[in-house]
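Okay, structure first, notes after.
Every chain is numbered from 1 and lettered A, B, ... according to where its sequence line falls, protein lines coming before strand lines. All of these numbers come straight from a predicted model, not from anything done at the bench.
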Amino acid sequence: MGDLPIVRFEEKIVETVKENPVVVVIGETGSGKSTQLPQILYRRGYAKSGIIAVTQPRRVAAVSVSRRVAQEQNVRIGEEVGYAIRFEDRTSEKTRIKYLTDGVLLRESLFNPELNQYSVIILDEAHERSLNTDILLGLMKRLIKWRHSNLKVLITSATLDGGKVSRFFSDCPVLTVPGELFPVEIVHISELPKSYVEASLKKAIDIHVREPEGDILIFLTGQDDIEKLVLKLEERVQSLEEGSCMDALILPLHGSLPPEMQASELACHSPCWLPEWIVAVVCAGMFHVRVFSPPPPNCRRFIVSTNIAETSLTVDGVVYVIDSGYVKQRQYNPSTGMYSLEVVQISKVQAKQRAGRAGRTRPGKCYRLYPSTVYHDDFLDATIPEIQRSSLAGTVLYLKSLDLADMDILKFDFLDSPSVESLEDALKQLYLVDAIDENGSITSLGRKMAELPLEPSLSRTLLEANELDCLSQALTVVSMLSAETTLLPAPSKSSEKKRRHTLSNLPDGFGLGDHIQLLQIYEQWYQTDYNIDWCKENNLQVRGMVFVRDVRKQLSQIMQKITKGSLDVQTSNRRRGGQQEFKSLRKALCIGYANQLAERMIRHNGHRPLGFKSELVQVHPSSVLKSDEDGMLPNYVVYHELIVTSRPFMRNVCAVEMRWVAPILAKLDKLNVFKLSGGSSQPDNQIQEVTSTVEKKEIAAVQPPEDRASMIQAARERFLARKEWPHPLNMWHSLVGLELDWDAKSP
DNA sequence: GAGCACTGC
């Protein structure tokens, strides 16, 4: 590995690190930064007073890079070089270089905020801007002030973003280490295509017919488009004259592919937490994950992929990349509490990353299905960071529990701040689940919740379940929800009927809700002694169920620790006695999901989420929740998630009772976001009561203050006239208006 | 009566 580019910069790196507490390292793909930076610092004695930590956004990366470095150091993994990821800690007293996921470092920081076991912290792949990396960046900025004499922080980033990170850390030095990629020729299309599936098809066939050998990687946005393109490619390739060009192998690649699609003889050696169809391979100082076995001779592979191939997976042999310029992104709207999955333009960083996939083994070409003017003028420099696209309840609770001095959550120093709306939404949610009091201070309950690696509503459910003697059931439900997306195999048109048939053999939660069904499914599996075949028979993903078991074990241990008692966490083995048995559990869910509560309209089955400025939503049709003899759904439900697809839906819904809901309504009534946020600049209470957050900010900005009176009056009039957004306790009065509204929207 | 990118504690 002596000839990796980064090694030539050793003196420069060491010198800069010596002089500065924070250094940004721009290391392009192939520079060997992930493996070599820690080894350089280790050689120069930086591990004498502490451990060198290297964070990674992904588990696979933490494991495979550390394996590589252990090999280079000629030690066994877990000795001088080790790694720590959830469920697996391969470190010992001897460990000097420790790779860990950024989530694990955040957990460690909860119990040891100064992180004083570490002498160096390297935040790798910071340009990916994962939620956890962003929190760590903010924490590092504070930590450097406390520990400026004995802590070094290195941050690796992409070219386009290095300057920004450097400015964030008081203009710290930026070192650039070239990569070892082969040149990639970029070709832009002259006009935006009408359909990028068609455009990709045309370009791919074009390459296949004209260009020399080398695999083609095509970036699309989702499973649907991928399946469409795969079919069309197969058609077109078959219609080509035999012998006119080489053979073709067309392969889809996305996260929900069933394992059997990509069977490989090496797969059985991969760790259990990896999807069976992926094999981790480390070579040339870089890690990558290899997909598929090598292609047959004289055959070109067409890999049609989501952005999973952008960073998470590397396909060997790719020489041509076709980039649609789009990606599917999940976004959270803090004013409605809804998630949506939207197709959006990629950023320049992403476009560069995609192009780089063509130059790993030899010079390559990247065909962009968008004009270069669009790239320069429309594309954002960097992807919108996750912290600006997610619900921040968990993040805010985490930061509150750190007890940082002079901590004002609205002023926490983020590289990119989330919106005020988003932070206020988080505070509101935390208040409803009793994690903070009406002044925004963390409660003792909130501290316990922060120790659980769960969203606040789920950790609140566990703690309440413990009080109500149904902890064992709640542990199961919460663990099942943690793995929910990996439980059921991806629905594909051909297996649709079969899947439905087998699903009907599973329990139905007595019609009380999806949480109850999840509980019953796990308990049935438990009764088969965790039989793998039972999962297969019922079409449940084995990997997902095993993950649930691991999560459940971890949560049980943390609950034992938090409550300092021996708890009944055993999975139930009794024969079910009926609905009555789930009453306590449902009550615990109601209290835990106080921030995710919805009320049914009088005359129809539309629900209105409480506490959000929101449209009506429907129970997702996949739910097992049953309606009564009049066809009506329960008056009150809690939901796990609001997701907008063709309409807004509540996914994973559970029926709750009015008498449990009443105290939550009272709390919603008292809600005062200004007080929650510390209230230093609190405007007078009349504005608070009658205006939305946006209006409040507008009013507060008016100068001089005397001119605000008329605006306040106007806001009050609007409030009094407002029918579609009633006060929680007066809601019945305005239901008629809502129903009319709803009917007008229905087709 | 619908359909969903990718991570992580």
Side-chain angles (χ1 to χ4, degrees), chain A residues 55-62 84-89 100-111 125 128-136 219-227 253-257 273 275 305-313 324 326-331 339-344 346 350 353 383 385-387 389-390 394-395 397-398 449-456 458-459 478-479 482-486 488-493 496 499-500 547 550-551 554-555 557-558 605 618-625 627 641 643-651:
Chain A
T55 70
Q56 294 290 333
R58 280 172 294 280
R59 299 160 56 94
V60 191
I85 57 178
R86 189 180 191 181
F87 309 134
E88 205 182 351
D89 186 347
L100 67 178
T101 47
D102 39 24
V104 169
L105 187 61
L106 280 177
R107 287 278 125 198
E108 291 184 357
S109 147
L110 192 60
F111 303 103
E125 315 288 0
E128 288 186 25
R129 302 298 304 277
S130 77
L131 182 55
N132 288 339
T133 310
D134 269 21
I135 302 167
L136 281 173
F219 284 103
L220 298 183
T221 61
Q223 190 178 344
D224 256 19
D225 285 345
I226 288 172
E227 282 170 8
L253 182 58
H254 51 82
S256 50
L257 275 180
W273 42 262
S305 173
T306 61
N307 58 334
I308 195 171
E310 204 174 285
T311 50
S312 305
L313 301 181
S324 65
Y326 289 99
V327 69
K328 227 176 239 181
Q329 246 178 22
R330 194 175 146 98
Q331 333 236 27
Y339 278 97
S340 56
L341 205 55
E342 282 163 36
V343 174
V344 297
I346 59 171
Q350 277 180 293
Q353 176 71 24
T383 313
E386 206 185 337
I387 199 162
R389 296 186 277 118
S390 324
T395 303
L397 179 61
Y398 173 84
M449 287 165 62
E451 286 193 43
L452 288 155
L454 292 169
E455 296 156 42
L458 296 183
S459 45
V478 160
S479 307
S482 301
E484 200 250 337
T485 50
T486 49
L488 299 175
S492 80
K493 279 141 209 157
E496 183 70 5
R499 185 177 139 241
R500 260 188 217 182
F547 177 75
D550 287 343
V551 173
Q554 186 194 27
L555 295 176
Q557 287 166 350
I558 299 174
N605 276 334
Q618 287 185 329
V619 173
H620 197 273
S622 65
S623 174
V624 295
L625 189 73
S627 44
E641 183 180 56
I643 177 108
V644 184
T645 49
S646 56
R647 290 176 169 189
F649 290 109
M650 295 182 283
R651 283 194 42 208

dC6(B) phosphate, OP1 or OP2: any side-chain N/O from Thr306(A) under 4.0 angstrom? yes

Rounded off to whole Å, could you give me the CD-to-P distance for the Gln329(A) and dC4(B) pair? 16 Å

Would you mind reading off the distance between Leu131(A) atom CG and dT7(B) atom P, rounded to a whole angstrom? 16 Å

Less than 4.0 angstrom between a side-chain N/O of Gln223(A) and OP1 or OP2 of dA5(B), yes or no? yes

Candidate nucleotides dC6(B), dG8(B), dC4(B), ranked by approach to the side chain of Thr645(A) - the nearest: dC4(B)

Can you see if the side chain of Ser646(A) gets near the phosphate of dG3(B) - specifically, an N or O under 4.0 Å from OP1 or OP2? yes

Respond yes when some side-chain nitrogen or oxygen of Arg59(A) is under 4.0 Å from OP1 or OP2 of dC9(B), and no when none is. yes

Residues Glu386(A) and Arg330(A) bridged, charged N to O under 4.0 Å: no

If I take atom CG in residue Asp224(A) and atom C1' in nucleotide dA5(B), what distance separates them, rounded to the nearest angstrom? 12 Å

Name the closest nucleotide to the Lys328(A) side chain, picking from dC6(B), dG8(B), dC4(B). dC4(B)

Gap between atoms CD1 and C1', on Ile643(A) and dA2(B) respectively (whole Å): 12 Å

Gap between atoms CG and P, on Leu313(A) and dT7(B) respectively (whole Å): 7 Å

Between Arg651(A) and Asn132(A), which has a closest nucleotide on DNA chain B that is more 5'? Arg651(A)

How many whole angstroms separate atom CZ of Arg330(A) from atom P of dG3(B)? 14 Å

Nearest to side-chain heavy atoms of Arg107(A), which nucleotide of dT7(B), dG1(B), dC9(B): dC9(B)

What is the distance from CZ of Phe111(A) to P of dC9(B), rounded to the nearest Å? 15 Å

If only side-chain N and O atoms of Ser622(A) are considered, is one of them under 4.0 Å from the OP1 or OP2 phosphate oxygen of dG1(B)? no

Considering heavy-atom distances to DNA chain B, does Leu341(A) or Pro453(A) have its closest nucleotide positioned more toward the 5' end? Leu341(A)

Using a cut-off of 4.0 Å on non-hydrogen atoms, how would the nucleic acid contact of Val104(A) be classed: base, sugar-phosphate, or nothing? sugar-phosphate

To the nearest 0.5 Å, what is the distance between CD (Glu227(A)) and NE2 (His254(A))? 5.5 Å

If you round to the nearest 0.5 Å, how far is CD of Gln329(A) from OG1 of Thr383(A)? 6.5 Å

Apply the test side chain to side chain donor-acceptor pair (under 3.5 Å) to residues Glu128(A) and Ser130(A): give CA-CA distance (whole Å), side-chain angles for both, the deciding distance (0.1 Å), then the verdict. CA-CA 6 Å; Glu128(A) 288 186 25; Ser130(A) 77; over 6 Å; no

For Arg107(A) and Glu451(A), work out which heavy atoms get closest and say how close. NH1-O, 3.3 Å

Output the rounded distance in Å from CZ (Arg86(A)) to P (dT7(B)). 15 Å

Looking across every strand, which nucleic acid part, if any, lies under 4.0 Å from Ser130(A) by heavy atom: base, sugar-phosphate, or nothing? nothing

